[in-house]
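I have placed the structure first, in the form of structure tokens, so that the comments after it can refer back to it.
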Amino acid sequence: MYASSGEQPHVLLIESDLCLRRLIAIGLQSQGIQVSEMTQISRALPLPEKRQPDLIVVDVDGGVHRNWNLLRTVQELPDLWQTPTIVLSWEQAESTPSALLAAPLAGQETPQPIYVTKPFDARVLHQAVGRILHEQEARKAVEEAQAEEILLAAYTRHSAPSLMPMLTAAGLLLVVIGLLLLQVALSAAGFLIVIVALLYWTLGGQKASPQIASA
């Protein structure tokens, strides 16, 4: 069973064969995965009224011919084109039209589909789904950690003023008083306070902001 540390993962299943669609959906649901079912997909058809899918499983077989338009539509829809996709087909991945291997939007990269060739063992599909979902969850955890680092860095930069300037001023005052009263110990103490305050203030203010890698 797929184990998630967050909310239940969501898979969009596009399968025209009723029996196969129900078998796949029931199998994924038994793994703790939420499944939305569609018989086909097009720009004119609304997506299921659920949250954005984490993964798409699409069967491109339509009768005796491959319906590559299903995969093309998935790659071109603004809400889906960045979503990882598993393609079910009787043919091997090498038979995919070359036009479908290119990014549909200029300057953007579309995740390459993962192919599961028919006939397939349900466990093979479940393993592929689980692997992608775990990768998605790990990537999301990294992004959340990076966002927390950014917030922490911003909070540090905009936090309340440091007490170091006040300690530095107090140390300088002790130095002056010690010099005026010829109190070497007092002047030395004030000088030490100034040095420590300046070092702490300077080194603390120069902490490098975290470098955030682009996802």
Tell me, do [X] and [Y] make a side-chain contact under 4.5 Å, heavy atoms counted?
| X | Y | value |
| --- | --- | --- |
| I86 | V11 | no |
| L28 | H126 | yes |
| Q75 | L71 | yes |
| S36 | H10 | yes |

Could you pull out the closest heavy-atom pair between [X] and [Y], with the gap in Å?
| X | Y | result |
| --- | --- | --- |
| R21 | E15 | NH1-O, 2.9 Å |
| L55 | V129 | CD2-CG1, 3.7 Å |
| G32 | P9 | O-CD, 3.8 Å |
| D54 | K140 | OD1-NZ, 4.2 Å |
| R139 | Q136 | NH1-OE1, 2.6 Å |
| V87 | P113 | CG2-CB, 3.7 Å |

Could you measure the distance from the [atom1] atom of [X] to the [atom2] atom of [Y]? Nearest 0.5 Å is fine.
| X | Y | atom1 | atom2 | result |
| --- | --- | --- | --- | --- |
| T85 | Y115 | OG1 | OH | 9.5 Å |
| E144 | E137 | CD | CD | 9.5 Å |
| L151 | Q146 | CG | CD | 12.0 Å |

Set of side-chain contact (heavy atoms from CB on, under 4.5 Å) partners for E148, sequence neighbours left out: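 Once residues adjacent in sequence are excluded, E148 has no partner under the side-chain contact (heavy atoms from CB on, under 4.5 Å) criterion.
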Contacts of type side chain to side chain donor-acceptor pair (under 3.5 Å), residue K118, not counting sequence neighbours: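 Checked K118 against side chain to side chain donor-acceptor pair (under 3.5 Å); matches are D59, D61.
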Who passes side chain to side chain donor-acceptor pair (under 3.5 Å) against R131, sequence neighbours left out?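 For R131, no residue satisfies side chain to side chain donor-acceptor pair (under 3.5 Å) once neighbours in sequence are set aside.
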Would L125 and L88 satisfy side-chain contact (heavy atoms from CB on, under 4.5 Å), going step by step from the backbone distance to the final call? CA-CA 9 Å; L125 177 61; L88 309 179; 4.2 Å; yes
Do you reckon L23 sits in the same ILVMFWY cluster as F120, going by side-chain contacts under 4.5 Å, direct or chained?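 Result: no, two separate clusters.
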Assess whether side-chain contact (heavy atoms from CB on, under 4.5 Å) is satisfied between T83 and L12, documenting all intermediate values. CA-CA 10 Å; T83 306; L12 174 59; over 6 Å; no
